[in-house]
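When a residue number appears, it is its place in the shown sequence, counting from 1.
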Amino acid sequence: QVQLVESGGGLVPPGGSLRLSCKASGGTFNTATMAWFRQAPGKEREFVASNRRSGENTYYADSVKGRFTMSRDNTESAVYLQMNSLKPEDTAVYYCASARRLILSALGMSSMYDYWGRGTQVTVSS
């Protein structure tokens, strides 16, 4: 059983930055596909970023490309999401998710992920 715990959310003004963390326990982290999703009030959960393994490409939603950077540390069994130039439309609960190795076409599909954290709130407001 894999457990995921997110941290690092908070309130930040537009243009600010935040770094989210997700620590995993259980399972085989090194070969797990890891991802970040987000869900704003009244909206469906949407893909933010995903990485299948260290050394492989990380994929981003168009809405965050160039502003967000996902990284992973296999020694810590953790993934991070550095969020810069934040906008009010980035306000959402951010979730960490993991799955056994997914094919590229499945990376953005929330239904393909087996394990989820409880989420951390990010609010971008002045």
* Could you walk me through whether Tyr94 and Gln39 pass the side-chain contact (heavy atoms from CB on, under 4.5 Å) check? -> CA-CA 7 Å; Tyr94 283 71; Gln39 188 167 16; over 6 Å; no
* Does Ser126 reach the side chain of Pro14, with side-chain heavy atoms less than 4.5 Å apart? -> yes
* Asked: Say you draw a straight line from NZ of Lys87 to OG of Ser63; how long is it, rounded to the nearest 0.5 Å?
  -> 8.5 Å
* Asked: Measuring from Arg53:CZ to Asn74:CG, what's the distance to the nearest 0.5 Å?
  -> 9.0 Å
* To do: Not counting sequence neighbours, which residues clear side-chain hydrogen bond (donor to acceptor under 3.5 Å, both in side chains) with Arg19? List them please.
  => none
* Can you see which heavy atom on Asp114 is nearest to which on Ala99, and at what distance? => OD2-CA, 3.5 Å
* Any chance you could measure Arg52, atom CZ, to Leu104, atom CG, to the nearest 0.5 Å? => 4.0 Å
* Asked: So, do Met34 and Phe29 sit near enough that their side-chain heavy atoms are less than 4.5 Å apart?
  -> yes
* To do: Please step through side-chain contact (heavy atoms from CB on, under 4.5 Å) for the pair Val12 and Ser17, ending with a clear verdict.
  => CA-CA 7 Å; Val12 62; Ser17 298; over 6 Å; no
* Asked: Any side-chain heavy-atom pair from Leu18 and Leu86 closer than 4.5 angstrom?
  -> yes
* Is there a side-chain contact (heavy atoms from CB on, under 4.5 Å) between Thr120 and Leu20 once you walk through the steps? -> CA-CA 8 Å; Thr120 185; Leu20 306 183; 4.0 Å; yes
* Do the non-hydrogen side-chain atoms of Val48 and Tyr95 ever get within less than 4.5 Å of each other? -> no
* To do: Check salt bridge (Lys or Arg N to Asp or Glu O under 4.0 Å) between Lys43 and all other residues, then give those that pass, not counting sequence neighbours.
  => none
* Asked: Hey, are Asp62 and Lys65 close enough for a salt bridge, meaning a charged N less than 4.0 Å from a carboxylate O?
  -> yes
* **same_hphob_cluster(Met112, Trp116) at 4.5 Å side-chain heavy-atom cutoff** => yes
* Counting only N and O atoms by type, is there a donor-acceptor contact under 3.5 Å from the side chain of Tyr59 to the main-chain atoms of Gly108? -> no
* If a pair satisfies side chain to side chain donor-acceptor pair (under 3.5 Å) and one of its residues is in residues 97-111, list it, with sequence neighbours excluded. => Glu56-Arg101
* Audit row: Val93, Gln121, side-chain contact (heavy atoms from CB on, under 4.5 Å) steps and yes/no -> CA-CA 4 Å; Val93 177; Gln121 175 71 46; 3.2 Å; yes
* **Geometric class of the Phe37/Phe47 ring pair [parallel <30°, tilted 30-60°, perpendicular >60°]** => perpendicular
* Asked: Within a strict 4.5 Å, meaning less than it, do heavy atoms of the Arg38 and Val122 side chains meet?
  -> no
* Give a yes-or-no answer on whether the side chains of Gln82 and Asn84 include a donor-acceptor pair shorter than 3.5 Å. => yes
* Partner set under side-chain hydrogen bond (donor to acceptor under 3.5 Å, both in side chains) for Thr31, not counting sequence neighbours -> none
Between side-chain atoms of residues 1-11 and protein atoms elsewhere (two or more places apart, or another chain), which donor-acceptor pairs fall under 3.5 Å?
from: Glu6; atom 1: OE1; to: Arg118; atom 2: N; distance (Å): 3.1
from: Glu6; atom 1: OE1; to: Gly119; atom 2: N; distance (Å): 2.9
from: Glu6; atom 1: OE2; to: Cys96; atom 2: N; distance (Å): 2.8
from: Glu6; atom 1: OE2; to: Gly119; atom 2: N; distance (Å): 3.2

* Asked: Does some side-chain heavy atom of Tyr113 sit less than 4.5 Å from a side-chain heavy atom of Ser50?
  -> yes
* To do: For residues 30-91, pull every pair meeting disulfide (SG to SG under 2.5 Å), keeping only residues two or more places apart or in separate chains.
  => none
* Heavy-atom side-chain proximity of Leu81 to Thr69 below 4.5 angstrom -> no
* Do Met83 and Met70 belong to the same hydrophobic cluster, where Ile, Leu, Val, Met, Phe, Trp and Tyr are linked whenever their side-chain heavy atoms lie under 4.5 Å apart, directly or via other members? -> yes
* Asked: With a 4.5 Å heavy-atom cut-off, do Tyr80 and Arg72 have their side chains touching?
  -> no
